[in-house]
Amino acid sequence: MSVAGTSTAPEGRDARRAPAPRHAGDGPAVDPDQLPDGLVVADEHGRVTCFNAAAARITARRAADALGQSLEKALPLEDLEGRRWWQLTDPYGGLAIRVRQPERNLLLPGGREVLVSARYVRAEPLGPVRSVVVSLRDTEARRRTERSHAELIATVAHELRSPLTSVKGFTATLLAKWERFTDDQKRLMLETVDADADRVTRLIAELLDISRIDSGRLEVRRQPVDIGAAVSRHIQAYVAAGQRAERFLLRIEQPLPALWADPDKIDQVLSNLIENAVRHGEGTVTIDVTPTPSPREDEETGTSVTVSDEGPGIPEESMNRVFTRFWRGSKRGGTGLGLYIVKGIVEAHGGTITVGRAAGGGAEFRFTLPVAAPAYLA
């Protein structure tokens, strides 16, 4: 594949494009303006002959103004210490063995950061530079990733500080003054330490899940899962913890297809969705388990689980952010990572998950899983 060059053109023609010579055997030419990254090319005299649309967007400079100028004037880059980049690197007068500049952060006028890499084209090894090809990339995507990582670190630090402070305080107190406390006081402090240790363990498990989801390494160990029984266990746990049994309504439509999934991860999904409904919703929490068309084209049936409540629901403007990191339905605690992990687990099973408004006005989460039976059972 060849890239059509761009050069100064006679008046009246497109100032950005002039057709490059074609050679027998060349693939189809690519218009530089179709490239996703900025492309700037300078000839052996250091004059700009190509300045594509992406370069114009990234630098906020018209291509017609850049063409024919010296590379240093058309692309006035500085390093993070304020030094002129082209004077520092001297592409035409530097060492003859150099063939490129690796990608690095540089600054445009006004302080905007861009990622810049360059290639020095020589007609023969150690010969003079015939052209300099510069690639420009916007740093906004990288900044968003860095901000996300910074938010994750800040959230983790905040969530760890409270339970670890409690654990340290109670254990230090018990060690220093063990004889002064009654058995009931000791038990209360040890139960608090145990609960806080569980909280830290859950947070670490969430972080590991996020790492596996982001890297595509989340493993799914499939085995038969009775999804109705799994939901019943979660409801019974809430009732045992003090919730009214009447607050939960479980409806199972039979017959359900046999479901092969990772039982631990499905438990994690159910735990997050039901906890959200109990904590942030109001009224009856309804869980519907139904057979449904499979999200996979090669399967006829799947299983859907819908968890809904009668609370205020999720604002319409927040619907598209529910499954992102750090989204919280309210200010009542939590890391804001649970629904992000839920989506990752469901998708790792080949399923889908959606959020909407329930008939009673509250939030409604619905996930659908394929049957995913092993081939020898098909």
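Of the possible polar contacts, none joining the D194 side chain to the L190 backbone as a donor-acceptor pair under 3.5 Å is found. The backbone N or O of S117 sits nowhere less than 3.5 Å from a side-chain atom of E103 that would complete a donor-acceptor pair. The backbone N or O of L115 sits nowhere less than 3.5 Å from a side-chain atom of R137 that would complete a donor-acceptor pair. Side-chain atoms of R366 do not come within 3.5 Å of backbone N or O of V307 as any donor-acceptor pair. With hydrogens and angles disregarded, a donor-acceptor distance shorter than 3.5 Å links the side chain of K265 to the backbone of E219. At least one donor-acceptor pair under 3.5 Å links the side chain of R112 to the backbone N or O of I58. A side-chain donor-acceptor contact under 3.5 Å links S232 to the backbone of G228. A donor-acceptor contact shorter than 3.5 Å is absent between the side chain of S166 and the backbone of S162. Distance alone, capped at 3.5 Å, is enough to place a donor-acceptor pair between the D262 side chain and the R221 backbone. In this structure a side-chain-to-backbone donor-acceptor pair under 3.5 Å is missing from R84 to E72.
In this structure, N272 CG and D267 CG are separated by 11.0 Å, a value rounded to the nearest 0.5 Å. The CZ atom of R199 sits 9.0 Å away from atom CG of L160, with the distance rounded to the nearest 0.5 Å. Rounding to the nearest 0.5 Å places CD of E44 at 13.5 Å from CZ of R122. Here the CZ atom belonging to F170 is positioned 4.5 Å from the OG1 atom belonging to T192, to the nearest 0.5 angstrom. From L207, atom CG reaches atom CG of L337 across 7.0 Å, with rounding to the nearest 0.5 Å. Rounded to the nearest 0.5 Å, atoms OG (S131) and CZ (R119) are 10.5 Å apart.
In this structure, I314 and H280 have side chains that are not in contact, with every pair of non-hydrogen atoms separated by 4.5 Å or more. Side-chain contact between I341 and V269 is absent, with no heavy-atom pair separated by less than 4.5 Å. Taking 4.5 Å as the limit, every side-chain heavy atom of K343 sits out of range of all side-chain heavy atoms of I213. Residues F367 and L270 have side chains in contact (heavy-atom distance under 4.5 Å, counting atoms from C-beta outward). Side-chain contact check for I266 versus H349: some heavy-atom pair is nearer than 4.5 Å.
Nearest heavy atom pair, residue I274 against residue Y238, reads CG2-CE1, 3.7 Å. The minimum heavy-atom distance between Y120 and P91, with the atom names listed, is CE2-CB, 3.4 Å. Considering all non-hydrogen atoms of both residues, A258 and V371 come closest at O-CG1, 2.9 Å. The two residues D37 and N52 come nearest to each other via the heavy atoms O-ND2, 3.1 Å. Minimum interatomic distance between R222 and A348 (heavy atoms only, all atoms of both residues): NH2-O, 4.1 Å. T303 and P257 make their closest contact through OG1-CG, 3.6 Å (heavy atoms, listed as atom of the first residue, atom of the second, distance).
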Report the C-alpha separation of W85 and L75 in whole Å, then their side-chain angles, then the decisive distance to 0.1 Å, and conclude whether the side-chain contact (heavy atoms from CB on, under 4.5 Å) test is met. CA-CA 10 Å; W85 180 242; L75 202 58; over 6 Å; no
Assess whether salt bridge (Lys or Arg N to Asp or Glu O under 4.0 Å) is satisfied between D43 and R47, documenting all intermediate values. CA-CA 5 Å; D43 62 16; R47 300 289 173 181; over 6 Å; no
Yes or no on side-chain contact (heavy atoms from CB on, under 4.5 Å) for L71 and V48, after CA distance, side-chain angles and deciding distance? CA-CA 6 Å; L71 186 57; V48 173; 4.2 Å; yes
Apply side-chain contact (heavy atoms from CB on, under 4.5 Å) to H234 and I287, showing your working. CA-CA 11 Å; H234 285 280; I287 302 101; over 6 Å; no
Might you work through the side-chain contact (heavy atoms from CB on, under 4.5 Å) test for V116 and Q101, ending with a clear yes or no? CA-CA 8 Å; V116 181; Q101 284 288 343; over 6 Å; no
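Under the 4.5 Å side-chain heavy-atom criterion for grouping Ile, Leu, Val, Met, Phe, Trp and Tyr, I252 is connected to F248 within one hydrophobic cluster. Under the 4.5 Å side-chain heavy-atom criterion for ILVMFWY residues, a single connected hydrophobic cluster contains both L108 and F51. Using a 4.5 Å cut-off between side-chain heavy atoms of Ile, Leu, Val, Met, Phe, Trp and Tyr, with links allowed through other members, L188 and V193 fall into different hydrophobic clusters. V305 and L249 are assigned to two separate hydrophobic clusters, defined by single-linkage of ILVMFWY side chains at heavy-atom distances under 4.5 Å. Using a 4.5 Å cut-off between side-chain heavy atoms of Ile, Leu, Val, Met, Phe, Trp and Tyr, with links allowed through other members, L95 and L126 fall into the same hydrophobic cluster.
Counted within 6.0 Å of CD on E316, heavy atoms from surrounding residues, nucleotides or ligands total 12 or fewer; the atom is thus considered open. By the neighbour-count criterion of 12 heavy atoms within 6.0 Å, atom CZ of R104 is densely surrounded, having more than that number from other residues, nucleotides or ligands. For L80, the CG atom sits in a packed shell: over 12 heavy atoms of surrounding residues, nucleotides or ligands are nearer than 6.0 Å. Within a 6.0 Å radius of NZ in K168, other residues, nucleotides and ligands contribute 12 heavy atoms or fewer. Taking a 6.0 Å sphere around CZ of R187, one finds it holds 12 or fewer heavy atoms contributed by other residues, nucleotides or ligands.
F323 and F365 have perpendicular rings, their planes meeting at more than 60° on a 0 to 90° scale where under 30° would count as parallel.
With S304 as the fixed residue, the side-chain contact (heavy atoms from CB on, under 4.5 Å) test singles out one of D288, T292, L369, T352: T292.
Salt-bridge annotation for E364 and R357: absent, with no side-chain N of the basic residue lying under 4.0 Å from a carboxylate O of the acidic one. Between R212 and D209 there is a salt bridge, since at least one side-chain N of the basic residue sits less than 4.0 Å from a carboxylate O of the acidic one.
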